[in-house]
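Here is the structure we will look at.
Every chain is numbered from 1 and lettered A, B, ... according to where its sequence line falls, protein lines coming before strand lines.
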There are 2 protein chains.
Amino acid sequence: MNSSADALLTPGDATDSGAQQIREAIRDAIVERRLAPGTKLSESDVGALFSVSRTLARAALQALSYEGLVSVEKNRGAFVAYPSPEEARQIFAARRLVEPGILRSAAERITAPQLAQLRQLLVEEGRLMGERGQPARRAEIKASGDFHLMLASISGNLIMQRFMEELVARSSLVIALYGQSSASSCGHAEHGDIITALERKDVDTACDLMLHHIAHIEADLDLRERKSFGLKEAFER
Amino acid sequence: MNSSADALLTPGDATDSGAQQIREAIRDAIVERRLAPGTKLSESDVGALFSVSRTLARAALQALSYEGLVSVEKNRGAFVAYPSPEEARQIFAARRLVEPGILRSAAERITAPQLAQLRQLLVEEGRLMGERGQPARRAEIKASGDFHLMLASISGNLIMQRFMEELVARSSLVIALYGQSSASSCGHAEHGDIITALERKDVDTACDLMLHHIAHIEADLDLRERKSFGLKEAFER
DNA sequence: ATGCAAAATATCGTATACACTTTTGGCCTC
DNA sequence: GAGGCCAAAAGTGTATACGATATTTTGCAT
């Protein structure tokens with residue numbers, strides 16, 4: 001109770017300094033497809049990679065398992081999640097279920113600068129669409145997710161925002177796995193349409209567009225049953 | 001793999017044997033209001049209580065923090081979550097957002113035995129309603145949550161089911177904190193009405209009833225700003 | 001007596017160490 | 001030569017230990 005007024009300035013959202021950073025790093029690596037699904041994430045290796053002990057590596061992997069991005073098997077270790085087609089369907093079903101509602105909430109509270117920010121995100125997305133190569137496609141997937149994430153952020157509901165972060169991350173994993181072609185390309189125009197509808201305050205149309213958008217992404221997936229075959233494949237190389 | 005008849009089966013994600021058990025135990029204690037919001041959960045104490053080391057206790061507390069049931073502060077420790085009124089509003093907003101959708105999904109897949117199970121849950125709920133005393137009220141809150149949880153289970157979407165588990169748990173915490181009267185009592189009849197509508201395959205009415213039901217629960221809360229007063233109080237004690 | 005400051009204490013953050021489970025490689029047997 | 005069994009190795013599960021940080025207490029000066 002002494003001293004000055006630092007109390008208000010503390011960032012405060014850092015639960016653990018180390019484990020959280022590692023979590024973020026691995027999460028990004030998974031979402032950006034630098035880590036292939038099914039890859040084994042040995043605690044020792046992860047720890048060595050980030051120059052920390054197994055304790056922190058383990059904590060990070062546990063955290064990621066709660067997000068559904070890695071699956072840990074008792075006494076076997078942690079692996080980058082390999083979502084089954086059924087799981088993929090459920091992820092998109094969840095998105096169809098919640099995103100219209102989020103969109104409605106966001107539409108009620110959205111301000112002009114926020115609309116501008118959305119537009120800004122869109123041009124960034126378009127720029128990446130123009131570029132070629134794998135890294136650009138990865139960034140494109142990420143940018144596509146950021147659009148949905150910002151909508152959740154605008155809705156003002158932290159719980160839904162957190163949930164959408166999880167869904168978007170897992171969606172990226174699914175798209176990386178089962179995506180056939182330039183999946184997110186067709187999504188770009190749809191993002192723009194949604195913003196336009198939002199600007200007109202035509203929420204119903206915006207929701208419809210969102211549902212179609214999600215359906216389009218899902219339709220571009222090849223959800224045939226390859227199942228655990230790919231895991232073996234990944235090791236065979 | 002779809003064994004369709006699985007109803008209230010815990011999702012088979014036994015990552016660790018020990019930590020998961022402790023997590024469940026503490027979770028139940030929080031939901032059933034044996035642990036008051038704001039209570040400090042020292043790692044040493046938790047470990048000693050369950051006869052395990054701090055490592056497992058810490059893992060369990062971390063897991064609970066991801067559910068939003070405990071909040072961990074850097075170098076301060078873990079505390080039973082003390083949801084702010086704003087947080088409470090967001091929790092219920094989230095429920096209003098997702099539960100109609102879950103209900104629709106469930107209605108599409110529901111079978112006769114599952115309807116019977118729902119009815120069964122209802123009579124159990126009614127039985128607890130008849131009893132008096134704190135333990136009965138706790139069980140009543142839990143039973144009330146189980147109704148919504150079973151609906152999510154019937155919907156067949158594991159992701160939404162997991163999300164609802166989190167929402168219901170946090171709702172129980174909120175109700176325990178801000179609930180004024182016999183909040184869940186009026187909910188009982190509404191649960192029955194929803195089942196009835198479901199039996200008639202009148203999904204739209206069921207959704208309406210669900211929305212009203214959630215609104216009723218929320219309306220019975222006293223979401224005045226008591227602020228962090230209670231937390232300090234808990235320490236002074 | 002009160003307020004500030006510094007040491008003492010308690011608790012968290014991280015690393016290391018040990019025990020147990022799973023896997024793998026080799027050897028023996030059929 | 002093939003298959004199964006045993007042993008060694010690797011890796012996870014858990015416990016303990018040490019260092020860092022916040023909180024409390026105590027002593028001193030005003």
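Rounded to whole Å, the distance from CG on B:Asn75 to P on D:dA22 is 5 Å. Separating the CZ atom of A:Arg54 from the C1' atom of C:dA15 is a distance of 11 Å, rounded to the nearest angstrom. Atom CZ of A:Arg23 and atom P of C:dT14 are 15 Å apart (whole Å). The CD atom of B:Gln21 sits 15 Å away from the P atom of D:dG13 (whole-angstrom rounding). Between B:Leu56 atom CG and C:dC18 atom P the separation is 19 Å, expressed in whole Å. Atom pair A:Ile22:CD1 and C:dG13:P shows a separation of 14 Å (rounding to whole Å applied). Atom pair A:Lys74:NZ and D:dG11:C1' shows a separation of 14 Å (rounding to whole Å applied). Remark: C1' of C:dT23 and CD of A:Glu73 are 14 Å apart, rounded to the nearest angstrom.
Between B:Glu218 and B:Arg95 there is no salt bridge, since none of the side-chain N atoms of the basic residue sits less than 4.0 Å from a carboxylate O of the acidic one.
Using a 4.0 Å cut-off, some side-chain N or O of A:Arg58 falls inside it from OP1 or OP2 of D:dG13. Within the 4.0 Å cut-off from OP1 or OP2 of C:dC12, at least one side-chain nitrogen or oxygen of B:Lys40 is found.
In this structure, B:Tyr66 and A:Tyr66 have tilted ring planes: the angle between them lies in the 30° to 60° band. The aromatic rings of A:His191 and A:His148 stand perpendicular to each other, their planes meeting at an angle above 60°, with 30° marking the opposite boundary.
Residue A:Arg76 is in sugar-phosphate contact alone, with no base atom involved, counting any heavy-atom pair closer than 4.0 Å across all strands shown. Within 4.0 Å (heavy atoms only), B:Ser42 reaches sugar-phosphate atoms of the nucleic acid but no base atom.
Side chain of B:Arg54 to backbone of B:Ser44: no donor-acceptor contact under 3.5 angstrom is found.
The salt bridge (charged side-chain N to carboxylate O under 4.0 Å, His left out) test with A:Glu67 singles out one residue from A:Arg23, A:Arg162, A:Arg170, and that residue is A:Arg23.
Between B:Thr55 and B:Asp45, the one whose closest nucleotide on DNA chain C sits nearer the 5' end is B:Asp45. Map A:Glu43 and B:Val52 each onto its nearest nucleotide of DNA chain D; the residue landing nearer the 5' end is A:Glu43.
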